[in-house]
Each structure stands twice: as structure tokens, then as C-alpha cells.
Protein chains: 2
Amino acid sequence: MTASVQATRQNTGERLLTPGEVASLFRVDPKTVTRWATAGRIGSIRTPGGHRRFRESEVQALLSELTTEATEPVRH
Amino acid sequence: MTASVQATRQNTGERLLTPGEVASLFRVDPKTVTRWATAGRIGSIRTPGGHRRFRESEVQALLSELTTEATEPVRH
DNA sequence: AGTCAGTGGGGTAATTAGGGAG
DNA sequence: CCTGTCCTAATTACCCCACTGA
């Protein structure tokens with residue numbers, strides 16, 4: 001089927017990450033990532049079952065801010 | 001859309017997605033989408049052979065509803 | 001007639017959510 | 001204020017084999 005491959009990429013090429021994957025990127029516990037989502041520090045998509053998925057683009061953006069590492073905490 | 005793209009179209013112009021396509025959108029396993037249908041979390045249409053198809057509008061609505069969880073003011 | 005990726009059904013590990021205490 | 005760990009329950013992921021769909 002040729003349509004399946006195409007339909008997969010229709011959504012702006014937005015890749016989603018699991019809490020565990022995000023946790024690995026930040027070197028933190030998955031629970032911490034969950035708290036970030038609850039506090040609204042990072043956007044999240046919930047599956048019908050209640051599990052969270054995170055946009056890779058948003059995660060990358062947050063990682064970029066970390067590499068810019070200022071001595072002063074980022075005011076949000 | 002007058003040319004080549006002749007995807008699965010219903011009378012209502014409703015596009016149908018396969019379990020694999022829906023799974024890609026939510027970053028879950030196709031089997032998980034099947035469980036959603038079994039649990040009634042998402043509507044499904046069965047082919048004469050028993051395979052499930054899902055309405056794109058319903059899937060998109062699910063994604064939209066569950067996309068923004070943070071009601072807290074997010075400042076950047 | 002065939003091929004072959006995708007799906008369904010069943011069952012068993014691995015993640016995750018949520019609260020709570022350190 | 002933020003994070004890592006412990007706990008139970010729920011959800012999800014990966015394994016098998018047989019069938020469907022294009």
C-alpha cells in the first residue's frame with residue numbers, strides 16, 4: 001500500500017517522544033518529565049489511555065536552551 | 001483534487017485511516033489502537049474481512065483535544 | 001495463480017500514571 | 001522549590017500464528 005506511508009507523514013512531520021525517551025535526553029527520571037508536563041513547562045499530548053507523548057521539536061528547543069547555559073536561570 | 005489522488009473516500013468525503021496510520025499519529029503500537037476500538041475509546045468501522053478502519057476527523061479531534069494539556073500560562 | 005505488508009487474536013514483559021514520603 | 005525513589009493499578013509494547021487486503 002502506498003497511501004499508508006504517505007499518510008504517516010502528513011502531520012507536519014511531527015515526531016512524538018515517550019516520557020522515557022525525553023527523560024533519557026535530559027538525563028532525568030521519567031517522573032520528572034511528567035512533573036514538567038503537569039506544571040505546563042512542556043507541552044504534552046495524551047493518548048486515549050492517558051499516557052503522555054511529547055513533541056520532539058519542543059524538546060529539542062528546550063535542549064537548545066540548556067546548551068546556551070547562562071549563569072542566570074531562565075525566567076519563564 | 002481532480003487527478004491521481006484517489007484515496008479511500010466515502011460519500012461524506014470522510015477519509016479512513018488504518019490502525020497503523022493512527023498508531024503513527026499517536027506514537028503507539030497498532031495493537032494499542034485496536035484496544036482503543038475494543039474499549040470504545042475510539043469509533044471504528046470494520047471491513048467485510050474484519051479489519052478496522054478509523055475516521056480521520058475523529059482521530060484529528062482526539063489529537064486536538066488532547067494536545068494542549070497545560071492550562072497554565074506558558075511564557076517564553 | 002501467486003506474493004507480502006498489515007491486521008486480528010491471544011498471551012506475557014515493560015512503561016507509565018498517580019499518590020505519598022524522604 | 002525541585003528531584004529521585006517506593007508503591008499499586010492501568011496502559012502500552014513485543015511475542016506467537018492465521019487471515020485479510022492490495
Side-chain angles (χ1 to χ4, degrees), chain A residues 1-11 14-56 58-59 61-63 65-76, chain B residues 1 3-10 14-56 58-59 61-63 65-76:
Chain A
M1 177 188 303
T2 56
S4 60
V5 183
Q6 183 178 5
T8 305
R9 276 285 164 263
Q10 70 176 4
N11 193 6
E14 189 73 59
R15 289 197 309 173
L16 298 179
L17 301 177
T18 63
E21 293 172 347
V22 178
S24 298
L25 292 175
F26 282 94
R27 291 290 182 182
V28 295
D29 194 89
K31 193 74 174 182
T32 302
V33 180
T34 298
R35 293 196 186 96
W36 293 347
T38 304
R41 292 178 172 274
I42 182 175
S44 62
I45 299 177
R46 310 275 296 212
T47 65
H51 285 200
R52 296 185 181 88
R53 296 288 118 98
F54 304 92
R55 302 180 184 278
E56 189 191 34
E58 189 173 357
V59 174
L62 291 177
L63 284 173
E65 292 184 4
L66 291 184
T67 53
T68 325
E69 187 57 45
T71 54
E72 186 176 350
V74 187
R75 36 188 191 86
H76 279 179
Chain B
M1 55 143 145
S4 53
V5 180
Q6 193 215 353
T8 51
R9 15 181 349 222
Q10 293 288 7
E14 186 72 72
R15 287 221 318 163
L16 296 181
L17 302 178
T18 64
E21 294 171 350
V22 178
S24 298
L25 293 176
F26 282 93
R27 184 61 168 85
V28 293
D29 193 89
K31 296 289 185 177
T32 302
V33 181
T34 299
R35 296 194 197 90
W36 293 346
T38 304
R41 300 183 195 270
I42 183 175
S44 61
I45 300 177
R46 311 273 295 202
T47 64
H51 286 195
R52 296 186 179 87
R53 295 291 120 93
F54 304 91
R55 301 184 180 277
E56 186 187 32
E58 188 175 359
V59 174
L62 239 51
L63 283 172
E65 279 189 23
L66 304 174
T67 300
T68 43
E69 172 187 346
T71 53
E72 296 290 332
V74 183
R75 329 181 183 166
H76 272 193

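Below, chains carry the letters A, B, ... as their sequence lines are ordered, and counting in each starts from 1. Keep in mind the model is a prediction, meaning the values are calculated, not measured. As a basis for the values below, the full set of heavy atoms in this structure was taken, side chains included, without hydrogen atoms, waters or symmetry mates.
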TODO: Might you point out which heavy atoms bring A/P19 and A/V33 nearest each other, and give the distance in Å?
DONE: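 Minimum heavy-atom contact is O-CG2, 4.1 Å.
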Proximal nucleotide (of [options]) relative to the [X] side chain:
| X | options | answer |
| --- | --- | --- |
| A/V28 | D/dT11, D/dG4, D/dC14 | D/dG4 |
| A/T47 | D/dG21, D/dT12, C/dG8 | D/dT12 |
| A/R46 | C/dG8, C/dA17, D/dT11 | C/dA17 |
| A/H51 | D/dT11, C/dG9, D/dG4 | D/dT11 |
| B/P19 | D/dT12, C/dT7, C/dG9 | C/dT7 |

Task: No-H, no-angle donor-acceptor pair, A/K31 side chain to C/dG18 base, under 3.5 Å - done: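 Side chain to base: pair present.
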Rounded to whole angstroms, how far apart are [atom1] on [X] and [atom2] on [N]?
| X | N | atom1 | atom2 | value |
| --- | --- | --- | --- | --- |
| B/F26 | D/dT11 | CZ | C1' | 14 Å |
| A/E21 | D/dA13 | CD | P | 10 Å |
| B/R53 | D/dT20 | CZ | C1' | 9 Å |
| B/L16 | D/dA22 | CG | C1' | 16 Å |
| B/L17 | C/dT7 | CG | P | 11 Å |
| B/L25 | D/dT12 | CG | P | 15 Å |
| B/D29 | C/dA13 | CG | C1' | 13 Å |

Report yes if at least one side-chain N or O of [X] is closer than 4.0 Å to OP1 or OP2 of [N]; otherwise report no.
| X | N | answer |
| --- | --- | --- |
| A/W36 | D/dT3 | yes |
| A/R41 | D/dC2 | yes |
| A/T32 | D/dT3 | no |
| B/R52 | C/dG8 | yes |

Task: Set of salt bridge (charged side-chain N to carboxylate O under 4.0 Å, His left out) partners for B/E58, sequence neighbours left out - done: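 With sequence neighbours excluded, B/E58 shows a salt bridge (charged side-chain N to carboxylate O under 4.0 Å, His left out) to no residue whatsoever.
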Please report the interatomic distance [atom1]([X]) to [atom2]([Y]), rounded to the nearest 0.5 Å.
| X | Y | atom1 | atom2 | answer |
| --- | --- | --- | --- | --- |
| A/L25 | A/L17 | CG | CG | 6.5 Å |
| A/K31 | A/R35 | NZ | CZ | 6.5 Å |
| A/R52 | A/T34 | CZ | OG1 | 5.0 Å |

TODO: Report the residue (A/T18 or A/R35) whose heavy-atom-nearest nucleotide on DNA chain C is the more 5′ of the two.
DONE: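 Its nearest nucleotide being more 5', the pick is A/T18.
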Open item on the list: Salt bridge or not between A/E21 and B/R27? Use side-chain N to carboxylate O under 4.0 Å.
Closed with: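 Salt bridge flag = yes for B/R27 with A/E21.
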- [ ] Quantify the bending of the helix from C/dT3-D/dA22 to C/dG19-D/dC6 as the angle between its end axes, each fitted on five pairs, to 10°.
- [x]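 End-to-end axis angle for the helix from C/dT3-D/dA22 to C/dG19-D/dC6: 60°, rounded to 10°.
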Under 3.5 Å, which donor-acceptor pairs link side chains of residues 41-51 of chain B to any protein atom two or more places apart or in another chain?
| from | atom 1 | to | atom 2 | distance (Å) |
| --- | --- | --- | --- | --- |
| B/R41 | NH1 | A/P48 | O | 3.3 |
| B/R46 | NE | B/G50 | O | 3.3 |
| B/R46 | NH2 | B/G50 | O | 3.2 |
| B/T47 | OG1 | B/G49 | N | 3.4 |
| B/T47 | OG1 | B/G50 | N | 3.3 |
| B/T47 | OG1 | B/H51 | N | 2.9 |
| B/T47 | OG1 | B/H51 | O | 3.2 |

Task: Intermediate values then yes/no, ring pair (Phe, Tyr, Trp, His ring centres under 6.0 Å), B/W36 and B/F54 - done: CA-CA 11 Å; B/W36 293 346; B/F54 304 91; 8.6 Å; no
